[in-house]
Protein chains: 2
Amino acid sequence: MQKYLEIIKQCPLFEGIADDHLLTMLGCLGAKTEHFDKKYTIMAEGNPAKYIGIVLTGSAQIIQIDYYGNRSILSGIGPSEMFAEAFACAEIPAIPVTVIANEPCDIMLINCDHILHTCQNNCGFHQQLIFNLMKDLALKTLLFHQKIEITSKRTTRDKLMAYLFFQAKKVGSNRFTIPFDRQELADYLEVDRSGLSAEIGKLRREGVLESHKKQFELL
Amino acid sequence: MQKYLEIIKQCPLFEGIADDHLLTMLGCLGAKTEHFDKKYTIMAEGNPAKYIGIVLTGSAQIIQIDYYGNRSILSGIGPSEMFAEAFACAEIPAIPVTVIANEPCDIMLINCDHILHTCQNNCGFHQQLIFNLMKDLALKTLLFHQKIEITSKRTTRDKLMAYLFFQAKKVGSNRFTIPFDRQELADYLEVDRSGLSAEIGKLRREGVLESHKKQFELL
DNA sequence: CTCCATTTGTTGAAAATTCAACAGAAATTC
DNA sequence: GAATTTCTGTTGAATTTTCAACAAATGGAG
């Protein structure tokens, strides 16, 4: 646990928690870490929604798969970011998504009950954690709004351009690297992969953008 | 304010607040109510994100309009429900959506600062409110997941059926009334209205459902 | 009750997406 | 370093959506 301290400190859940309290608190919360190899399932749809996950190393993806096997990527998450917190906080029985390791990962799991309820002495830390959870959930809501704004466009081109503009805005530059390969980008934008590839080619020929694999430049 | 007390008590923000404290608290929070006629804008995109809104009477819709004027409905909200709380809690400068009155409405507005920060005496009520906000945001996240699950389907038919199944599940019956007219349903599902009407007609002829305006029955 | 505005359903043509299949490029494995 | 797997781009056909325009049905105002 010690070796991940720098990552953990950056997790929005622990904002405002003094460094020297962090480890004790993690013990008190019953935090445990697990390792997952690439493509392994960290949480499966239908699993109990008890745990909040925090990515320590590597990266993961939140996905939904429907009856027909269509995969839809809800978001990608990297070190110090949280996942499944909404389901744990909502105290629903089972999670409606699947979380898979995008590369080898170390994941910290915290039983959300310990944050929300199990505090006999109503200590200030729990209040801080709850405040942090609220803040995090509010920010996650904004990401959902963004995704809906992108995927509500009717054409592959418009979805792609909306996504690329958000990425450019996020890093503050016209050159950036996206966290998805082609299939994953298609699953995030909710379009057909081959159609997406074709559209990228067309935009390149039109001089709208340059791209090489995951690297893009808006012109 | 007094006359809306029953509605206000049902608002998830005030869960666990004793009745006899409610009015005082509302005063302390600087809550104010405003009336809006049908189709009027309650909050416009770009407005400061200071206020949490609570619907007292009537109903409203959260919408996004893109460059081309395409409207996308994010959700509909009715009495005792909150809106814009995510933007206020995230403490971003401006809201990214527009809220319009779907019918004549009375709306209560609360400056979120007063909930999150301005409490000198760290009273238990504020902690409760923050906990309630967290809970509400977690539940709202589930609604977003649901909307994405619906709109990620590739055909109008699949989107419509996914939506109707969720509605049926929600009320626990195969007969239900939806809160949208045809154009609004199309804007929620992010499809073309005429195509949606055609698809409903086809499903009816196939014996999959019965429908009369906003009333549906799955067969 | 009548007129007017809104909502809904229908249609056909144009545009876009999806689907399946394949080939070359790139990356990984042994 | 060779073989194998994965990823990416391309294509054409089939399906579906969008778009525009119109008529019927509905609802409200005066």
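Here is the naming used below: chain letters follow the sequence lines, and residue numbers restart at 1 for every chain.
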In whole angstroms, how far is the [atom2] atom of [N] from the [atom1] atom of [X]?
X         : N       : atom1 : atom2 : result
Asp158(B) : dT17(C) : CG    : P     : 18 Å
His212(A) : dA25(C) : NE2   : P     : 13 Å
Ile200(B) : dT10(C) : CD1   : C1'   : 13 Å
Arg157(A) : dT17(D) : CZ    : C1'   : 18 Å
Leu203(A) : dG9(D)  : CG    : C1'   : 14 Å

request  = Tell me which of Ser197(A) and Arg154(A) sits closer to the 5' end of DNA chain D, going by the nucleotide each one is nearest to.
outcome  =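 The answer here is Ser197(A).
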
Quick check on side chain to side chain contact (heavy atoms under 4.5 Å, CB included): which of Thr98(B), Ile62(B), Val99(B) does Ile42(B) satisfy it with?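 Single pass found, and it is Val99(B).
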
Check for a donor-acceptor pair, side chain of [X] on one end and backbone N or O of [Y] on the other, with a separation under 3.5 Å.
X         : Y         : answer
Arg157(A) : Lys202(A) : no
Lys140(B) : Met82(B)  : yes
His35(B)  : Pro104(B) : no

- So, do Pro48(B) and Pro93(B) sit near enough that their side-chain heavy atoms are less than 4.5 Å apart?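 No - every pair of side-chain heavy atoms lies 4.5 Å or more apart.
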
>> Among dG9(C), dT17(D), dG9(D), which nucleotide has an atom closest to any side-chain atom of Thr155(B)?
In response: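 For the Thr155(B) side chain, the nearest candidate turns out to be dT17(D).
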
Below 4.0 angstrom, which residues in residues 180-194 of chain B have at least one non-hydrogen atom near DNA chain C?
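Asp181(B), Arg182(B), Gln183(B), Arg193(B), Ser194(B), in order of number.
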
May I ask you to verify if any side-chain N or O of Arg204(A) is less than 4.0 angstrom from the OP1 or OP2 atom of dG9(D)?
->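 For dG9(D), OP1 or OP2 has a side-chain N or O of Arg204(A) closer than 4.0 Å.
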
Should the pair Lys147(B) and Tyr188(B) be classed as cation-pi, given the thresholds of under 6.0 Å to the six-membered ring centre and 45° from the axis?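 Flagged: Lys147(B) positioned over aromatic ring of Tyr188(B).
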
